[in-house]
Amino acid sequence: MSKLQGKLALVTGASSGIGEAIARSLSAEGARVVLAARRGEKLQKLASELPHSEVIELDVRDAQATLTRLAGHAFDIVVPNAGLARGLDPVHKGTPDDWSEMIDTNIKGVLHVLRAVTPGMIERKRGDIVLIGSVAGRQAYPGGNVYCATKAAVRSLYESLRYDLHDTGIRVSTVDPGMVRTPFSDVRFKGDAERAAKVYAGVDYLHAEDIADIVSFIVTRPARVNIGEVVVWSKDQASAMVVARRT
Ligand code: NDP
Ligand code: 8X3
């Protein structure tokens with residue numbers, strides 16, 4: 001079945017993890033997918049597997065580049081998924097450069113993408129925006145401070161967008177995952193693979209494809225249906241911090 005035949009989708013952060021899985025899933029449903037991220041060679045490799053896809057090398061922190069490179073595309077589906085965590089220290093031991101990277105990517109990067117794509121969607125009176133938040137935006141955890149705050153901002157942005165866009169025909173959703181095994185923790189711990197692996201030890205963690213399935217489900221509902229917020233936990237998680245481990 002090709003429920004998304006004829007649709008054009010944008011996925012940022014398509015070079016890895018959840019974004020890559022979303023791109024694959026939307027493509028499998030028949031969409032043409034624009035793959036955006038900084039690592040062009042990874043995007044090219046994925047593009048070689050996805051029919052009619054396009055690569056845009058982009059750092060979403062760069063407002064002007066985001067506006068320029070996304071111009072001229074009539075997107076039906078936009079998933080501003082690019083994001084990251086850096087560090088897990090308390091604020092009094094934190095690193096301002098890490099904070100800036102998270103704020104610039106997870107909040108301002110999403111805004112840059114939205115500023116680029118929403119005018120065209122409003123003109124066309126339709127479209128889907130699916131934000132990727134996190135359970136971290138709903139409950140803070142020790143050392144999560146700035147990352148949690150950026151994801152709380154995404155959640156707040158979701159609520160604002162519903163007001164900004166409710167009379168435009170555009171549907172707005174947020175998918176807020178718990179623990180998904182991707183390179184996320186390797187990035188957070190700056191390549192410390194051993195520390196990253198411990199995050200998932202003994203847990204029946206979520207797979208990127210689980211989140212991608214949900215995004216595809218959201219954007220294939222009848223036009224009148226807007227699934228708003230989806231919180232997705234691993235079955236082993238009671239909260240961000242309370243996790244059953246079978247070691
Ligand atoms: P990955 O590290 O696997 O992927 C992150 C993606 O974001 C990469 O494709 C990376 O591409 C891209 N990215 C990072 N910075 C930029 C930038 N400045 N410009 C463009 N692209 C950028 O992690 P995940 O797949 O796990 O994370 C994806 C999203 O899911 C994030 O928003 C994250 O916060 C969220 N999330 C993750 C969870 C998890 O447990 N893994 C749980 C809840 C939410 P590149 O480096 O090539 O630019
Ligand atoms: C990623 C999930 O719980 O590590 O957003 O913050 S968590």
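When a ligand or atom number is given, it counts from 1 through the structure's own listing order. Note that the structure is predicted; figures quoted are calculated from it, not measured.
- The contact set between ligand 1 and Tyr147, taken as ligand atoms under 4.0 Å from a residue heavy atom, comprises 33 (C), 34 (O), 36 (N), 44 (C).
- Here the side chain of Ser156 pairs no donor or acceptor atom with the backbone of Ala152 at under 3.5 angstrom.
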Next item on the list: Any chance you could lay out the side-chain hydrogen bond (donor to acceptor under 3.5 Å, both in side chains) test for Asn226 and Arg221, step after step, and finish with the verdict?
Entry: CA-CA 8 Å; Asn226 182 180; Arg221 291 313 86 206; over 6 Å; no
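- Every atom of ligand 1 with a heavy atom of Leu58 under 4.0 Å away is listed here by number and element: 19 (N), 20 (C).
- Lys151 counts as a contact of ligand 1, since one of its heavy atoms falls under 4.0 Å from the ligand.
- Summarising the contacts of atom 7 (O) of ligand 1 with Ala23, Pro183, Gly83, the nearest heavy atom is found in Gly83.
- Val60 N, 3.0 Å is the protein heavy atom nearest to atom 19 (N) of ligand 1.
- A salt bridge links Arg86 with Glu101: the closest approach of a Lys/Arg side-chain nitrogen to an acidic carboxylate oxygen falls below 4.0 angstrom.
- One option in Leu131, Thr182, Asp186 has a heavy atom closer to atom 24 (P) of ligand 1 than any other, and that option is Thr182.
- When every heavy atom of Gly133 is checked against every heavy atom of Thr174, the shortest pair comes out as N-OG1, 3.8 Å.
- Interface of Gly133 with ligand 1, defined as ligand atoms under 4.0 Å from a residue heavy atom, comprises 43 (C), 44 (C).
- Taking only nitrogen or oxygen atoms, main chain and side chain alike, Pro177 does not reach within less than 3.5 Å of ligand 1.
- Looking only at side-chain heavy atoms (C-beta outward), Arg126 and Arg171 stay at 4.5 Å or farther from each other.
- Taking a cutoff of 4.0 Å between a charged side-chain nitrogen and a carboxylate oxygen, Glu49 and Arg24 qualify as a salt bridge.
- The nearest non-hydrogen atom to atom 32 (O) of ligand 1, considering only Ile132, Asn81, Thr66, Ile56, comes from Asn81.
- Of the N or O atoms in Ser134, none lie within a sub-3.5 Å distance of an N or O in ligand 1.
- The Ser134 neighbourhood of ligand 2 comprises atoms 1 (C), 2 (C), 5 (O), with distances under 4.0 Å to a heavy atom of that residue.
- Residue contacts with ligand 1 for Asp59 involve both N, CA, C or O and side-chain atoms from C-beta outward (heavy atoms, distance under 4.0 Å).
- Contacts with ligand 1 closer than 4.0 Å are made by no heavy atom of Lys42, backbone or side chain.
- Classification of Arg181 and Asp210 as a salt-bridged pair fails, no side-chain N sitting under 4.0 Å from a carboxylate O.
- Compare Pro80, Gly178, Ser234 by their heavy atoms: the one nearest to atom 38 (C) of ligand 1 is in Gly178.
- Under a 3.5 Å cut-off, the side chain of His73 and the backbone N or O of Ala71 do form a donor-acceptor pair.
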Next item on the list: Quick one: do Ser239 and Gln139 satisfy side-chain contact (heavy atoms from CB on, under 4.5 Å)? Show the steps, please.
Entry: CA-CA 8 Å; Ser239 70; Gln139 46 185 237; 3.1 Å; yes
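- Of the options Ala82, Ala36, Ser15, Ala14, the smallest heavy-atom separation from atom 10 (C) of ligand 1 is shown by Ser15.
- Here the heavy atom of the protein found nearest to atom 48 (O) of ligand 1 is Arg38 NE, 2.7 Å.
- Both Val225 and Ile214 are assigned to one and the same hydrophobic cluster, defined by single-linkage of ILVMFWY side chains at heavy-atom distances under 4.5 Å.
- The shortest contact between atom 3 (O) of ligand 1 and any protein heavy atom is with Ser16 OG, 2.5 Å.
- Atoms of ligand 1 found under 4.0 Å from any heavy atom of Gly17, numbered from 1 in the order shown, are 3 (O), 25 (O).
- In terms of protein heavy atoms, atom 37 (C) of ligand 1 is closest to Ile18 CD1, 3.7 Å.
- Close approach of ligand 2 to Ala136 is summarised as follows: ligand atoms under 4.0 Å from at least one heavy atom of the residue are 6 (O).
- Between Asp236 and Arg245, none of the side-chain N atoms (NZ, or NE/NH1/NH2) sits under 4.0 Å from a carboxylate O, so this pair counts as no salt bridge.
- Side-chain contact check for His112 and Gln64: no donor-acceptor pair (N or O, by modelled atom type) lies under 3.5 Å.
- Protein heavy atom in closest approach to atom 41 (N) of ligand 1: Val180 O, 3.0 Å.
- Polar contact check, Gly13 against ligand 1: a nitrogen or oxygen pair lies under 3.5 Å apart.
- Closest to atom 7 (S) of ligand 2 among all protein heavy atoms lies Tyr141 OH, 3.6 Å.
- The two atoms that bring Ser15 and Leu43 nearest to each other are N-CD2, 3.6 Å, heavy atoms only.
- Contact annotation: the side chain of Phe184 never approaches that of Val199 to less than 4.5 Å [non-hydrogen atoms, C-beta and beyond].
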